Amino acid sequence: MQTGQPNISHLSLYNDILTAQINQIFCSALPCGMDTGKDMARSWSFLLPLALALVASGAHAAIVEHTFNVGNLSISQLCQPDRIITAVNGQLPGPTIRVSEGDTVVVHLVNESPYGMTIHWHGIFQRGSQWADGPAMVTQCPVQPGGNYTYRFNVTGQEGTLWWHAHFSFLRATVYGALIILPRGGANAYPFAKPDREEIIMFGEWWNANVFDLQQMALLTGIPAGPADAYTINGKPGDFYNCSAPNQTHMFEVRKNETYLLRIINAALNTPLFFKVANHTFTVVAADACYTTPYKTEVVVVGPGQTVDALMVADAAAGRYYMAASPYDSGIPSGPPFSKTFATAVLEYAGGPNTTTTWLPELPEFKDTDTAHRFLSNLTALVLPGKPTVPLAVDTRMFVTVGMGVADCQPEQTLCNRSSTVFASSMNNASFMPPRSTSMLEAHYNNVTAGVYTRDFPDRPPVVFDYTADASDNATMQYTTKSTKVRTLRYNETVEMVLQNTRLIAKESHPMHLHGFNFFVLAQGFGNYNPTTAAPQFNLVNPQERNTVLVPTGGWAVIRFVADNPGMWYMHCHFEAHLDLGLGMVFEVQDGPTPDASLPAPPKDLPQC
């Protein structure tokens, strides 16, 4: 069920919450239960406007409720025989959740699949609902087959395009969907001209093999899974594969001279993508659900996990045009294997000529780092009254290397060649391994962390070296070890982090995602980070605000955020292959001084391991 307005039970619940909030306001100003008429009248004159404002601000908030039945779906792609995938409600992509700022989202997850399952609400802050964040063994144990769990969270203070996906194994290859947060005032409240229509464009990757089996084999052998067989737009690969059927190309109908807001989401597991529409241009107005100053471009670049909102005017000659998503291969000298293909969808003008000719855009070269960097580094924030701005004072500075290396075979890697090392990835030479029997958030809440995690993630790499030099690929420097390390932060601590890519195996552009927060991207560049030359480049006026940053290949990015959200927050590469290899860490943010700034108790239906 999805409700645009609260039903009667929801209104009752909302009124109970509202009454409690008003009582809390009164009790903070004078002792509750007092009956002195003079004091009460004075209190009413002071507090009534506050109470009315509270009522007005929440009067239209809704509870939007969905049921996600996760189970088997039989589907055929690329002329392969029907095969079984894991999907939500029999859809690929899964259902779109549409809400307004301030609404509460309730999703009942019913796991009818043969696998464990969690859902991550990518980009949602989860303030006060930390138990709903979703990454397996960080905030919760997976929901076991036949089990269920209800996710509840609020979307106050956020607007734009986000998404949701499985956060367990490779299952997010087919378990994903859009999460759209409209302004409280609707489309008329956008900080740009109201578009005529909106379209969701979700990129994905498709494997003909079972993705769960692929991931399990990679874990057992230590050899990363092979590349996808195709890229997709809204679940369909398009017309340019060896075997493409007519029903495997998504169609968009547009009307001449209308403006479309394209909500672009990269749900691919391992591949950044270029996106173009033949004979059309874009004006970017948001990224990762944060408004940007309008940026005109012919190409959009999105890494896995990222979103971009772009306006497109249908001002070409009436006809048919391809939109295309093609891979960006950032590996130097070479990255992992990837599919050298591209996905397409068709944009068709209503009432246009009856033609079979469809124009194809000129796509960037696979290794066009200049185009990728130009787009990713030129976005800036649209500074709006009352919205967060970049903090100027810094409490903690971290320098964190991110990249590939090698490690010894682990005991569970039963098919690993014990006479040699296997691929691993790390941050500051710590290769992350999630706990097995207790989630990190439960251990944190119960203050029983022994055997679950340690509080010794380093602020600096153990060795200073020429991080991006070709000569740095030696066995000693490549070697890393597995651990479950966290960095503990005080509540409201301001953190500045330099993310430095390394060339120990290969240079590569890693999409680094932080749960629970947005961060400001102050600067980015190539080569080794040099604070003397980089600091003058810091944008401290209107830096782009994101939840996922593509660290330039063989380069660095500087981010800054305020740790004002207590809990355990995963930071990791959004290449699924790299996440499994250990490219992640966790921030442990301590409670603040008030109940609202503290981690709440876990829900009663929290899954157990």
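Counting from 1, the numbers follow the sequence of the chain as shown. Here the structure is a predicted model, which is why all the values come from computation and not from measurement.
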*Show your working on side-chain contact (heavy atoms from CB on, under 4.5 Å) between Phe538 and Val390 and close with a plain yes or no.*
CA-CA 11 Å; Phe538 284 8; Val390 60; over 6 Å; no
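- Asn428 and Pro458 get closest at one heavy-atom pair: ND2-O, 3.0 Å.
- The closest side-chain donor-acceptor pair between Tyr151 and Gln140 falls under 3.5 angstrom.
- Salt bridge status for Arg503 with Asp470: present, with a side-chain N to carboxylate O gap under 4.0 Å.
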*Could you walk me through whether Asp459 and Arg487 pass the salt bridge (Lys or Arg N to Asp or Glu O under 4.0 Å) check?*
CA-CA 8 Å; Asp459 286 353; Arg487 176 61 161 88; 2.7 Å; yes
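- Gln306 and Thr548 share no donor-acceptor pair across their side chains, judged by distance under 3.5 Å alone.
- Between Tyr176 and Trp163, the ring planes lie perpendicular to each other; the angle is over 60°, past the 30° to 60° tilted range.
- Contact of the Tyr328 side chain with the Thr553 side chain is registered, since non-hydrogen atoms from C-beta on lie closer than 4.5 Å.
- Checking Thr401 against Thr502 by side-chain atom types alone, no donor-acceptor pair falls below 3.5 Å.
- At distances below 3.5 Å, not a single donor-acceptor pair connects side-chain atoms of Trp556 with backbone N or O atoms of Val498.
- A side-chain donor-acceptor contact under 3.5 Å links His515 and His572.
- Formation of a donor-acceptor pair under 3.5 Å by the Thr139 side chain with backbone atoms of Gly134 is found in this model.
- No side-chain heavy atom of Val107 sits less than 4.5 Å from a side-chain heavy atom of Ile119.
- Nearest heavy-atom pair across Pro327 and Phe366 is O-CD2, 3.5 Å.
- Between Tyr529 and Phe399, the ring-plane angle classifies as tilted under the 30° and 60° cut-offs.
- With respect to Phe587, the ring pair (Phe, Tyr, Trp, His ring centres under 6.0 Å) criterion is satisfied by exactly one of Phe561, Trp569, Tyr491: Phe561.
- Between Val277 and Phe282 there is a side-chain heavy-atom pair separated by less than 4.5 Å.
- Considering OG1 of Thr369 and NZ of Lys507, their distance stands at 10.5 Å, rounded to 0.5 Å.
- Summarising the geometry, atom CZ belonging to Phe192 is positioned 10.5 Å from atom OG1 belonging to Thr259; distances are rounded to the nearest 0.5 Å.
- When side chains are defined from C-beta on, Leu522 counts as touching Leu540, because their heavy atoms get closer than 4.5 Å.
- For the pair Asp329 (side chain) and Lys367 (backbone), a donor-acceptor distance under 3.5 Å is absent.
- Looking at every heavy atom in both residues, Arg374 comes nearest to Tyr295 through O-OH, 3.8 Å.
- Here the CE-OG1 distance, from Met312 to Thr283, works out to 11.0 Å after rounding to the nearest 0.5 Å.
- Nearest heavy-atom pair across Met571 and Met427 is O-SD, 4.1 Å.
- More than 12 heavy atoms of other residues, nucleotides or ligands sit less than 6.0 Å from atom CD of Gln590.
- Under the 3.5 Å distance criterion, with hydrogens and angles disregarded, a donor-acceptor pair is assigned to the side chains of Thr396 and Glu493.
- Counted by atom type alone, Lys482 and Ser431 present one or more donor-acceptor pairs between their side chains at under 3.5 Å.
- The residue from Asn547, Asp564, Val495 that alone fulfils the side-chain contact (heavy atoms from CB on, under 4.5 Å) condition with Phe517 is Asp564.
- Distance check: Glu101 CD to Gln158 CD gives 9.0 Å after rounding to the nearest 0.5 Å.
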*Report the C-alpha distance between Phe465 and Leu504 in whole Å, list the side-chain angles of each, state the deciding distance to 0.1 Å, and finish with yes or no for side-chain contact (heavy atoms from CB on, under 4.5 Å).*
CA-CA 11 Å; Phe465 63 100; Leu504 292 173; 3.9 Å; yes
_Determine whether Thr380 and Gln544 satisfy the following criterion, side-chain contact (heavy atoms from CB on, under 4.5 Å), listing intermediate values before the conclusion._
CA-CA 4 Å; Thr380 54; Gln544 58 179 295; 5.8 Å; no
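- A heavy-atom distance below 4.5 Å is not found between the side chains of Met497 and Phe519.
- Note: Ile201 CD1 to Ile265 CD1 = 9.5 Å, rounded to the nearest 0.5 Å.
- A heavy-atom distance below 4.5 Å is not found between the side chains of Asn429 and Met477.
- Counting heavy atoms from C-beta on, the side chains of Leu441 and Val138 never come closer than 4.5 Å.
- Residues Leu550 and Phe375 have side chains not in contact (no heavy-atom distance under 4.5 Å, counting atoms from C-beta outward).
- Here the side chain of Asn266 pairs a donor or acceptor atom with the backbone of Ala268 at under 3.5 angstrom.
- Between His513 and His574, the two ring planes are perpendicular [angle over 60°; tilted spans 30° to 60°].
- A donor-acceptor distance shorter than 3.5 angstrom exists from the side chain of Asn154 to the backbone of Thr156, with no hydrogens or angles considered.
- Annotation for Asn501 and Gly554: closest pair OD1-N, 2.7 Å, computed over non-hydrogen atoms.
- The shortest heavy-atom contact between Thr371 and Val301 is O-CG2, 4.4 Å.
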_Audit row: Asn565, Gln130, side-chain contact (heavy atoms from CB on, under 4.5 Å) steps and yes/no_ = CA-CA 9 Å; Asn565 195 5; Gln130 289 88 337; 3.4 Å; yes
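- Atom CG of Asp466 and atom CG of Asn528 lie 4.5 Å apart (nearest 0.5 Å).
- Using modelled atom types, no side-chain atom of Asp103 and backbone atom of Val64 make a donor-acceptor pair closer than 3.5 Å.
- Close placement of the Phe526 and His373 rings is indicated, their centers lying within 6.0 Å of each other.
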